[in-house]
Peer 1: 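Take a look at the following structure, please.
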Amino acid sequence: MKQIKNKTLLASTLIEGKGLPVFNPFDNSLLATVPMSCQAKVEQDIIEMELGQKQWQKRSAAERCKLLKKWHQLIIENEDDLAMIITLEGGKPLKEALAEVRYGASFIEWFAEEGRRAYGNTIPSPSNDKTLLTVKQPIGVAAAITPWNFPFAMITRKAAPALAAGCSFICKPSELTPLSAFAVTELAFQAGIPKNVLRMVIGQSAHEVGEAFTYHPSVRKFSFTGSTLVGRKLQMQCASTIKRTSMELGGNAPFIVFDDADIDSAVKGAIASKFRNAGQTCVCSNRFYVQDGVYDEFVTKLVAAVDQLKVGNGLDAETDIGPVITQESKQRIVELIEEAKGRGAKQVNREQCLDGQFVAPTVLVDVEHDRPLVQGEIFGPVLPIIRFSEEEKMIEMANDTIYGLAAYFYSQNMNRIWRVAHNLEYGMVGINEGIISTEVAPFGGVKQSGNGREGAKEGLEEYLETKYVCIGGLD
Ligand code: NAP
């Protein structure tokens with residue numbers, strides 16, 4: 001980790017000898033070893049977070065705002081180091097890692113302010129001897145589990161509203177990418193946020209920490225970002241103590257190009273929404289539907305753009321696509337491609353056979369709608385294209401999935417824009433735009449993509465209880 005200039009970022013995290021090894025997906029070299037906690041220690045941590053929360057909620061919203069803003073400032077001052085850590089442990093190109101740091105930091109700034117607007121209501125009373133009002137209170141200890149694909153931003157997107165609301169926040173980052181999680185936490189401590197208010201833990205297994213977080217009665221809110229498979233299990237575990245949950249789960253985003261689309265803009269949006277983080281984001285477009293009239297033009301222009309993308313080490317400035325996270329991921333993606341090809345799909349862009357954990361960008365046409373590549377999350381740089389004629393049938397295909405996170409479509413017709421946006425069963429719809437996430441808008445899915453929203457005013461509500469107060473006996 002000699003590339004990191006601010007040595008304090010990881011000083012308390014790295015240990016010699018026994019612990020969790022963290023590898024660089026570019027070349028599988030060992031980056032660091034981090035400490036792991038046993039189950040009893042995680043439970044002890046939860047108790048400490050409960051004590052911390054009781055003190056934290058007594059601080060004024062203005063005071064919490066000040067500390068969060070200081071945290072935000074320290075992140076921006078250290079953004080290059082943080083980006084470097086993200087690239088080293090996750091493989092994404094440095095320019096994307098820097099964008100992730102800024103995106104992640106934006107939630108801290110936003111919720112620092114939003115915490116000061118946790119307004120209750122006064123309610124017109126049905127009788128003159130009573131006053132009715134609501135107040136907003138922090139829900140208590142919040143616990144979270146986050147994935148490797150946005151190892152920095154998926155933490156700040158949850159921690160910032162939790163802390164702003166007056167909750168304490170304990171989190172298990174992915175074992176594959178714990179370093180950026182510990183680094184951003186170190187900066188929070190340097191900003192003055194107490195150690196019993198924000199904590200990262202790595203357990204001896206994800207399963208054990210998951211059990212501690214979901215079964216412990218002192219945890220009142222559980223927030224998860226990860227696969228639908230794991231989220232479903234954790235949601236069931238949370239039922240044992242009736243916890244409030246937010247589940248940010250998998251997606252299967254359709255990307256639709258209508259005859260009346262601006263094709264150059266659609267190609268630009270397709271590249272942005274498909275190949276970010278080597279296709280490993282929950283809102284990456286997963287399947288492309290292109291209408292007859294523009295099919296040839298779109299495919300030709302898309303292939304030309306895809307063949308310009310450079311695959312390589314995330315640390316190289318020209319790299320557009322880094323390695324995928326593990327060798328197993330590569331294997332899974334390659335099998336999906338082969339399976340589709342075995343059923344008639346054809347690759348129309350340049351074929352490259354790459355070593356290591358690299359998967360070359362792959363554009364496939366003549367893909368059948370029922371292939372696993374189209375039905376599940378690819379989580380890799382593969383772009384399957386399906387041709388369509390009628391809008392109504394296409395909407396049926398787009399909605400024919402258990403997922404409902406993000407959808408994208410390109411059209412210049414205002415009637416169609418309203419109609420299609422209304423009919424797509426998704427939590428987020430991008431129209432003539434391939435990148436839609438921002439701290440000011442509610443991020444989240446419907447159906448088995450989860451529940452709850454992150455960012456925006458809705459993001460704060462996830463960490464607040466509404467208490468109704470009735471003052472009676474008034475003259
Ligand atoms: P994952 O396998 O579900 O893992 C996510 C997190 O859960 C990791 O920290 C993992 O720990 C942990 N975990 C795994 N099994 C567990 C268990 N039995 N009990 C408790 N924790 C457990 O997902 P992933 O492969 O890391 O991430 C990719 C998935 O995340 C995709 O489906 C993607 O769509 C989704 N995602 C959704 C959003 C959103 O906002 N909707 C954003 C980003 C990603 P370890 O890694 O340490 O094993």
Side-chain angles (χ1 to χ4, degrees), residues 20-23 25 34 36-37 39 42 89-90 92 100 103-104 107 143-158 170-181 200-216 219 222-238 245-253 276-286 324-326 328-329 332-333 376-380 401-406 426-428 436-437 441-455 459 462:
L20 175 77
V22 184
F23 298 100
V34 301
M36 291 189 290
S37 303
Q39 183 87 343
V42 178
E89 67 179 353
K92 71 174 61 168
E100 179 180 347
Y103 169 73
F107 287 91
I145 295 183
T146 54
W148 50 265
N149 67 339
F150 286 95
F152 180 90
M154 293 305 99
I155 291 172
T156 55
R157 209 164 77 168
K158 298 176 191 301
I170 183 166
C171 176
K172 187 205 91 63
S174 170
E175 286 179 8
L176 297 168
T177 54
L179 300 177
S180 35
M200 295 297 134
V201 293
I202 293 286
Q204 275 151 357
S205 79
H207 170 79
E208 268 187 21
V209 181
E211 290 204 331
F213 283 2
T214 52
Y215 289 129
H216 202 295
V219 173
F222 179 70
S223 178
F224 177 71
T225 297
S227 61
T228 295
L229 190 73
V230 175
R232 197 180 284 129
K233 176 173 178 273
L234 294 171
Q235 172 109 335
M236 284 196 272
Q237 289 176 201
C238 284
T245 61
S246 298
M247 292 282 160
E248 298 287 348
L249 309 178
N252 181 2
R276 214 152 48 108
N277 199 13
Q280 304 169 110
T281 89
C282 54
V283 289
C284 271
S285 349
N286 201 61
V324 296
I325 190 71
T326 58
E328 295 75 54
S329 274
R332 187 186 53 74
I333 298 162
E377 269 191 305
I378 303 172
F379 243 56
T401 169
I402 61 164
Y403 298 106
L405 191 59
Y426 288 81
M428 297 174 284
I436 55 176
S437 183
F443 187 104
V446 300
K447 293 160 79 177
Q448 293 185 41
S449 286
N451 56 51
R453 292 293 180 271
E454 292 187 335
E462 301 282 338

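Read the numbers this way: they start at 1 and go in the same order the structure lists the ligands and their atoms. Keep in mind that what you see is a predicted model, and the values were worked out from it rather than measured.
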Peer 1: Of the protein's non-hydrogen atoms, which lies at the shortest distance from atom 39 (C) of ligand 1, and what is that distance?
Peer 2: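 Closest protein heavy atom to atom 39 (C) of ligand 1: C282 SG, 3.3 Å.
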Peer 1: Using a heavy-atom cut-off of under 4.0 Å, does the side chain or the backbone of L405 touch ligand 1, or both, or neither?
Peer 2: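 Contact part for L405 vs ligand 1: side chain (C-beta onward).
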Peer 1: According to salt bridge (Lys or Arg N to Asp or Glu O under 4.0 Å), who are the partners of E462, at least two apart in sequence or on a separate chain?
Peer 2: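 Residues passing salt bridge (Lys or Arg N to Asp or Glu O under 4.0 Å) with E462: K221.
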Peer 1: Among protein heavy atoms, which lies nearest atom 46 (O) of ligand 1, and at what distance?
Peer 2: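 Nearest neighbour among protein heavy atoms for atom 46 (O) of ligand 1, to 0.1 Å: S174 OG, 2.7 Å.
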Peer 1: Mark up the atoms of ligand 1 that fall under 4.0 Å of a heavy atom belonging to G210, in ascending order.
Peer 2: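 It comes down to these atoms of ligand 1: 20 (C).
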Peer 1: How does E211 reach ligand 1, by side chain, by backbone, by both or by neither, if only non-hydrogen atoms under 4.0 Å count?
Peer 2: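 The answer is neither; E211 stays 4.0 Å or more away.
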Peer 1: Sequence neighbours excluded, which residues qualify as salt bridge (Lys or Arg N to Asp or Glu O under 4.0 Å) partners of K172?
Peer 2: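 Residues passing salt bridge (Lys or Arg N to Asp or Glu O under 4.0 Å) with K172: none at all.
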Peer 1: State the atoms of ligand 1, each with its element, that fall below the 4.0 Å cut-off from a heavy-atom position in E175.
Peer 2: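 Listed by number with element, the hits are 45 (P), 46 (O), 47 (O).
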Peer 1: Is L249 in polar range of ligand 1, meaning some N or O pair under 3.5 Å apart?
Peer 2: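 Right, the criterion is met.
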Peer 1: Does any N or O in the side chain of E89 come within less than 3.5 Å of the main-chain N or O of L179, such that one atom is a donor and the other an acceptor?
Peer 2: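 It does hold such a pair.
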Peer 1: With heavy-atom distances below 4.0 Å as the criterion, list the atoms of ligand 1 near I145.
Peer 2: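 Those atoms are 6 (C), 7 (O), 9 (O), 12 (C), 20 (C), 21 (N).
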Peer 1: Show me which atoms of ligand 1 lie under 4.0 Å from any heavy atom of G250.
Peer 2: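 Matching atoms, with element in brackets: 32 (O), 34 (O).
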Peer 1: Note the single closest protein heavy atom to atom 25 (O) of ligand 1, along with its residue, its atom name and the distance in Å.
Peer 2: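 It is W148 NE1, 3.2 Å.
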Peer 1: Which option out of G445, S227, G376, G452 puts a heavy atom nearest to atom 2 (O) of ligand 1?
Peer 2: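 Nearest heavy atom to atom 2 (O) of ligand 1 lies in S227.
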Peer 1: Mind checking whether F150 contacts ligand 1 via backbone (N, CA, C, O), side chain (CB onward), both or neither, at a 4.0 Å heavy-atom cut-off?
Peer 2: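 No part of F150 comes within reach of ligand 1.
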Peer 1: Which residue and atom name correspond to the protein heavy atom nearest atom 10 (C) of ligand 1, and how close is it?
Peer 2: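 The answer is K172 NZ, 4.0 Å.
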Peer 1: How far is atom 34 (O) of ligand 1 from its nearest protein heavy atom, and which residue and atom is that?
Peer 2: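 Here the closest protein heavy atom is E377 OE2, 2.5 Å.
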Peer 1: Less than 4.5 Å apart, side chain to side chain, heavy atoms only: is that true for M236 and T214?
Peer 2: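 The answer is no; the side chains never approach within 4.5 Å.
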Peer 1: Any nitrogen or oxygen of T146, side chain or backbone, less than 3.5 Å from one on ligand 1?
Peer 2: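 For ligand 1, there is an N or O atom that lies under 3.5 Å from one belonging to T146.
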Peer 1: Quick one: is the NZ or CZ of K158 closer than 6.0 Å to the six-membered ring centre of F224, and within 45° of its axis?
Peer 2: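 Not satisfied by the 6.0 Å and 45° rule.
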Peer 1: List the closest protein heavy-atom neighbour of atom 35 (C) of ligand 1: residue, atom name, distance to the nearest 0.1 Å.
Peer 2: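 Nearest neighbour among protein heavy atoms for atom 35 (C) of ligand 1, to 0.1 Å: G226 O, 3.2 Å.
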Peer 1: For ligand 1, is any non-hydrogen atom under 4.0 Å from V209's backbone (N, CA, C, O), its side chain (CB onward), both, or neither?
Peer 2: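 It is neither part, as no heavy atom is under 4.0 Å.
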Peer 1: Just which atoms of ligand 1 are under 4.0 Å from any heavy atom in L234?
Peer 2: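 It comes down to these atoms of ligand 1: 19 (N), 20 (C).
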Peer 1: Measure from atom 40 (O) of ligand 1 to every heavy atom in E454, R157, Q237 and give the option owning the shortest one.
Peer 2: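 Result: the heavy atom closest to atom 40 (O) of ligand 1 is in R157.
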Peer 1: List the closest protein heavy-atom neighbour of atom 18 (N) of ligand 1: residue, atom name, distance to the nearest 0.1 Å.
Peer 2: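 Scanning the protein heavy atoms, the shortest distance from atom 18 (N) of ligand 1 goes to K233 NZ, 3.4 Å.
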Peer 1: Name the closest protein heavy atom to atom 16 (C) of ligand 1, giving the residue it belongs to and the distance to 0.1 Å.
Peer 2: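 Going atom by atom, the protein heavy atom closest to atom 16 (C) of ligand 1 ends up being V230 CG1, 3.5 Å.
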Peer 1: Are the side chain of T245 and the backbone N or O of M247 linked by a donor-acceptor pair below 3.5 Å?
Peer 2: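 A pair under 3.5 Å: no.
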Peer 1: Would you mind telling me if ligand 1 is within reach of the side chain of E208, the backbone, both or neither, using heavy atoms under 4.0 Å?
Peer 2: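 No part of E208 is near ligand 1 at this cut-off.
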Peer 1: Can you check atom 4 (O) of ligand 1: any protein non-hydrogen atom closer than 4.0 Å?
Peer 2: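 So atom 4 (O) of ligand 1 lacks protein heavy-atom neighbours under 4.0 Å.
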Peer 1: Determine whether any heavy atom of F213 lies closer than 4.0 Å to an atom of ligand 1.
Peer 2: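 No; F213 lies far enough from ligand 1 that no heavy-atom distance drops under 4.0 Å.
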Peer 1: Counting the benzene-type ring for Trp, do F379 and W148 have ring centres under 6.0 Å apart?
Peer 2: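 Yes, close enough.
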